[in-house]
2 protein chains.
Amino acid sequence: MRVKKTIFTPVRSKRTFEDVYLQIRQLIMQGTLKPGDRLPPEAELGKQFNVGRQTIREALRILELSGFIVIQIGYGGGPIVKDNIVGKATEMLLDALKLAKISIEEVAAARLAMEKAVLNEAIERADEEDIKNLRENLLKAKELIAKKQSPIDAGFEFHILLAKASKNNAFVILVETINAINRGLRNRKPPDFRTVKAYAQAHEEIFEALIRKERDKAIRLLEKDILEIGKSN
Amino acid sequence: MRVKKTIFTPVRSKRTFEDVYLQIRQLIMQGTLKPGDRLPPEAELGKQFNVGRQTIREALRILELSGFIVIQIGYGGGPIVKDNIVGKATEMLLDALKLAKISIEEVAAARLAMEKAVLNEAIERADEEDIKNLRENLLKAKELIAKKQSPIDAGFEFHILLAKASKNNAFVILVETINAINRGLRNRKPPDFRTVKAYAQAHEEIFEALIRKERDKAIRLLEKDILEIGKSN
DNA sequence: TCACATTTGTCCGTATGTATC
DNA sequence: AGATACATACGGACAAATGTG
């Protein structure tokens, strides 16, 4: 009797461009290729890997979409190693959530769960540097409001700074991701000026509670910030 | 005086394959193309879009990496629309976390935050269907253990089932994602048999606390499940 | 401003491997 | 086993973009 489902994962390095992709990817992941480094042009890569230019191009497409490289055309251009690959992952997760028809409310609940934990850690671990950065962020938002400009970017940055104050880098990336998703899901209409002013106000209050280590109050304010204010728009 | 940083994002749809990618992507996102649907072969697509095969191929590479399609070779093959694109996003987020040199402990803390919220919701919202699924999951794990097989997959499924019981689909996807990341970061050595048995035991206790709606006890058990058990390996 | 070199973007033709009928 | 249909891969060619002299 034959087994229907093998427990082995088939070795499928059939496709040459995947092999090329994996080799370059590993060089980046292990640090041999660092951000800013330039890879040889397509033709030269083809010679070195001993494959056609088309194969190289498909490998570069994947590396580009994955966020590992950017590609400059023209004289002196070519593939350049990039550093931040979080953005691309976020875009794909956003697609996944859109396809699954997830509502903004559901994402907000998840975001709140994450940021509650962040705030809990941040209250304990925030140092002077973090406090200074948060204070500057609030100041920047105030100045923008005074100039009748939207402090929406500063508002997102506030949450990132909180995550950094938690001293947990996983929180930083996940808060970035989930905030970008939240933003992407409601991108049809940007929040009006009154709403973003309310955000800025809420952030100030959260900050005050943070430096006074008033944990419960800070959490309560965060809930208001994430769940209530956004509802109106 | 010139502004140094423009507020405009450059319109760069110069590349034809990106245009092709976006068109097909939109047809999938808006539901015109459904999972299982077959796209025309490369040559035919080239004719319809009025572009060369190479251009089509690069668009297909991106769609494939994004998880929108799979490609079958041979007679009657070609691009086929896929449904689950979460897996690909997870892989990329995993890469991002690896590149940022995030530790398992940091990810575990984030995972715990998310799953605490999940458990809180699940205790309130779980219906008979959820309870039945969880019970079957625990039974399956027990059977595997009796056969001296590792119930590790069932263990991950337990957490997914909890997320489903929360009735929040964002939680489902995010728990899937963060658990896969957790798994990916410690993939060097799979947990030993004693450890997975401890997981299964912890899951049983969490389930008991869940159906009795003993919230604090359930949360405490979850903390043990996520933070302590894994530490040994 | 004007060539010129370099590099990506795109197309075409062709050959090979693979899966189905 | 042979024919068919498809992806994979190679090589050559030209256009477009970009920086250099």
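Order of the sequence lines sets the chain letters (A, B, ...), proteins ahead of strands, with each chain counted from 1. Please read these numbers as outputs of a predicted model, since none were measured by experiment.
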**Student:** What is the distance, to the nearest angstrom, from the CD1 atom on I69(A) to the C1' atom on dT8(C)?
**Tutor:** 12 Å
**Student:** Summarise how protein sits on nucleotides 9-18 of chain D as a single string, 5' to 3': B when a protein heavy atom is under 4.0 Å from the base, S for sugar-phosphate-only contact, - for no contact.
**Tutor:** SB--B---BB
**Student:** What I want to find out is whether K34(B) reaches D83(B) closely enough, with some N-O distance under 4.0 Å, to be called a salt bridge.
**Tutor:**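 A salt bridge is absent here (no side-chain N lies under 4.0 Å from a carboxylate O).
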**Student:** Are more than 12 heavy atoms, taken from residues, nucleotides or ligands other than K197(A), located less than 6.0 Å from that residue's NZ atom?
**Tutor:**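 12 or below, so no.
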**Student:** Would you indicate whether Q48(A), at its atom CD, is surrounded by more than 12 heavy atoms from other residues, nucleotides or ligands within a distance under 6.0 Å?
**Tutor:** yes
**Student:** Distance check needed: dT7(C) C1' versus L45(A) CG, whole Å only.
**Tutor:**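 One finds 12 Å between C1' of dT7(C) and CG of L45(A), rounded.
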**Student:** Nearest-Å distance, CD (Q72(B)) to C1' (dC21(C))?
**Tutor:** 15 Å
**Student:** Give me each pair satisfying ring pair (Phe, Tyr, Trp, His ring centres under 6.0 Å) with a member in residues 133-175 of chain A, each pair once, sequence neighbours excluded.
**Tutor:** F158(A)-H203(A), H159(A)-H203(A)
**Student:** Select base, sugar-phosphate, or nothing to describe what P40(A) touches, counting heavy atoms under 4.0 Å on all strands.
**Tutor:** nothing
**Student:** Have a look at E42(A) and say if it touches a base, only the backbone sugar-phosphate, or nothing, with a 4.0 Å heavy-atom cut-off.
**Tutor:**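 E42(A): backbone/sugar contact only, no base atoms under 4.0 Å.
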**Student:** Nearest-Å distance, CG (L39(B)) to P (dA5(D))?
**Tutor:** 19 Å
**Student:** Check this for me: E136(B), atom CD, are more than 12 non-hydrogen atoms of other residues, nucleotides or ligands nearer than 6.0 Å?
**Tutor:**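 Count over threshold, so yes.
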**Student:** I80(B) CD1 to dA19(C) P: how many Å, rounded?
**Tutor:** 14 Å
**Student:** Hey, is the main chain of N169(A) close enough, under 3.5 Å, to the side chain of E106(B) for a donor-acceptor pair?
**Tutor:**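 Yes.
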**Student:** In this structure, how many angstroms lie between the C1' atom of dT8(D) and the CD1 atom of I62(A), rounded?
**Tutor:**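 Interatomic distance, CD1 of I62(A) to C1' of dT8(D): 13 Å.
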**Student:** Taking only N and O in the side chain of R61(A), is any of them less than 4.0 Å away from OP1 or OP2 of dG9(C)?
**Tutor:**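 Answer yes for this pair, as a side-chain N or O of R61(A) is under 4.0 Å from OP1 or OP2.
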